[in-house]
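First comes the structure, then the notes that go with it.
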Amino acid sequence: MPELPEVEVTRRSLAEVITGARIEAVRLGKPLRWPLGCAPSILVGQHMVALRRRGKYLLIDLDKGLLLLHLGMSGSLRFIRDQAPPGVHDHVDLVTSKGVLRLHDPRRFGALVYAANEDDAVAQKLLGGLGMEPLSETFTEAALLAGLKASRAPVKQVLLAGRLVVGVGNIYASEALFLAGIRPTVAGNLIGPIRARRLHAAIKTVLARAVELGGSTLRDFSNADGMAGHFQHEANVYGRAGAPCHRCGRAVQMIRQGQRSSYFCPGCQRP
DNA sequence: CTAACCTCCTGTTCGC
DNA sequence: TGCGAACAGGAGGTTA
């Protein structure tokens with residue numbers, strides 16, 4: 001599932017090749033989560049000026065306006081230079097002067113949305129409520145602590161909500177909480193400065209390491225060059241219910257929180 | 001306002 | 001072995 005590391009890995013593998021590419025045609029397959037929001041002809045003739053990331057969104061800056069692209073939970077982007085025909089799950093082709101940017105997304109939770117600018121209603125609805133970027137300087141221990149103090153919800157769900165800090169999805173929330181020694185059920189407002197400090201460091205460590213390893217490929221994620229990620233081999237708890245903790249040997253537990261599975265080690269993570 | 005639940009979708013896994 | 005049911009989950013939307 002694309003979380004911050006997978007989106008960032010995609011961005012890095014794509015930024016150089018698509019910058020300066022001129023869109024020559026737009027091919028749309030089955031509908032995605034939201035409609036494009038403009039006539040495809042608006043895009044044709046425009047150049048891709050830059051590729052940025054905000055949370056789990058990729059922002060493709062155009063000469064005029066920008067495209068917001070989300071990978072949902074099964075999406076991946078490829079940049080292909082041949083004219084291979086789209087497969088059943090290839091739902092967007094942006095044919096450019098340098099190659100074809102192709103969105104592959106079997107479950108179609110992803111989206112590609114045009115916005116006239118970053119401040120307009122369309123963009124603000126999607127980006128406006130997003131929290132801090134965890135790998136940036138704005139994400140500080142103090143800000144994390146303050147945000148946690150403001151919520152009585154379980155810390156795992158505060159992380160997943162994305163209003164305090166973005167990009168931490170189900171895999172990396174469980175992994176960060178393991179590194180921090182905090183059980184996912186602990187209420188945000190019960191986390192003090194010491195644990196907030198550990199969690200802050202753990203989030204940065206986990207996400208940076210995952211980016212380094214090309215993300216996690218649980219099923220079929222790959223970067224724009226088709227290369228898989230390897231972080232899943234370093235997971236301490238995610239997907240390891242019943243298996244012995246790498247640190248203490250006790251069985252990793254799985255629980256449900258907000259319709260999502262959470263994994264933790266009852267020995268290493270304190271309530 | 002928050003928090004719990006629902007919804008979209010399809011490939012994979014599970015139980016009988 | 002086959003088949004339907006359950007499951008996985010990002011995140012906006014709805015409801016209480």
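Values below: every heavy atom of this structure, side chains too, minus hydrogens, waters and symmetry copies. Per chain, numbering begins at 1; letters A, B, ... match sequence-line order.
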[atom1] of [X] versus [atom2] of [N]: gap in Å, rounded?
| X | N | atom1 | atom2 | result |
| --- | --- | --- | --- | --- |
| His91(A) | dC8(B) | NE2 | C1' | 13 Å |
| Arg152(A) | dA3(B) | CZ | C1' | 10 Å |
| Lys156(A) | dA4(B) | NZ | P | 13 Å |
| Leu159(A) | dA3(B) | CG | P | 14 Å |
| Gln257(A) | dA8(C) | CD | C1' | 16 Å |

Arg22(A), CZ: over 12 other non-hydrogen atoms inside 6.0 angstrom |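 Check passes, neighbour count above 12.
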Hey, which of Arg209(A), Glu3(A), Glu6(A) is the one that makes side-chain hydrogen bond (donor to acceptor under 3.5 Å, both in side chains) with Tyr172(A)?
->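 The residue from Arg209(A), Glu3(A), Glu6(A) that satisfies side-chain hydrogen bond (donor to acceptor under 3.5 Å, both in side chains) with Tyr172(A) turns out to be Glu6(A).
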Do His91(A) and Asp105(A) meet the criterion of a side-chain donor-acceptor pair at a distance under 3.5 Å?
->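 Per modelled atom types, His91(A) and Asp105(A) side chains form no pair under 3.5 Å.
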Does Ser151(A) have a side-chain nitrogen or oxygen under 4.0 Å from the phosphate oxygens OP1 or OP2 of dA3(B)?
->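 Affirmative; the distance criterion is met.
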Nucleotide N/O of nucleotides 9-14 of chain C paired with protein N/O under 3.5 Å:
residue, atom, partner, partner atom, Å
dG9(C), OP1, Asn170(A), ND2, 3.2
dG9(C), OP1, Tyr238(A), OH, 2.6
dG9(C), OP1, Ser261(A), OG, 3.4
dG9(C), OP2, Ser261(A), OG, 2.8
dG9(C), N2, Arg107(A), NH1, 3.2
dG10(C), O3', His70(A), NE2, 3.4
dG10(C), N7, Arg260(A), NH1, 3.1
dA11(C), OP1, His70(A), NE2, 2.1
dA11(C), OP2, Lys56(A), NZ, 2.7
dA11(C), N6, Arg260(A), NH2, 3.1
dG12(C), OP1, Tyr57(A), OH, 3.2
dG12(C), O4', Arg33(A), NH2, 3.0

Flag yes if Tyr57(A) and Leu4(A) sit in one hydrophobic cluster, no otherwise; membership is Ile, Leu, Val, Met, Phe, Trp, Tyr, and two members link when side-chain heavy atoms are under 4.5 Å apart.
->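 The answer is no; the residues belong to distinct hydrophobic clusters.
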Please answer: with hydrophobic residues joined when any side-chain heavy atoms are less than 4.5 Å apart, are Val100(A) and Leu14(A) in the same cluster?
->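 They do not share one cluster, since no chain of ILVMFWY contacts under 4.5 Å joins Val100(A) to Leu14(A).
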Inter-residue atom distance Leu62(A).CG - Ile60(A).CD1, 0.5 Å rounding |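 Interatomic distance, Leu62(A) CG to Ile60(A) CD1, rounded to 0.5 Å: 7.0 Å.
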Please figure out whether Ala150(A) or His89(A) has its closest DNA chain B nucleotide nearer the 5' end.
->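 The residue mapped nearer the 5' terminus is Ala150(A).
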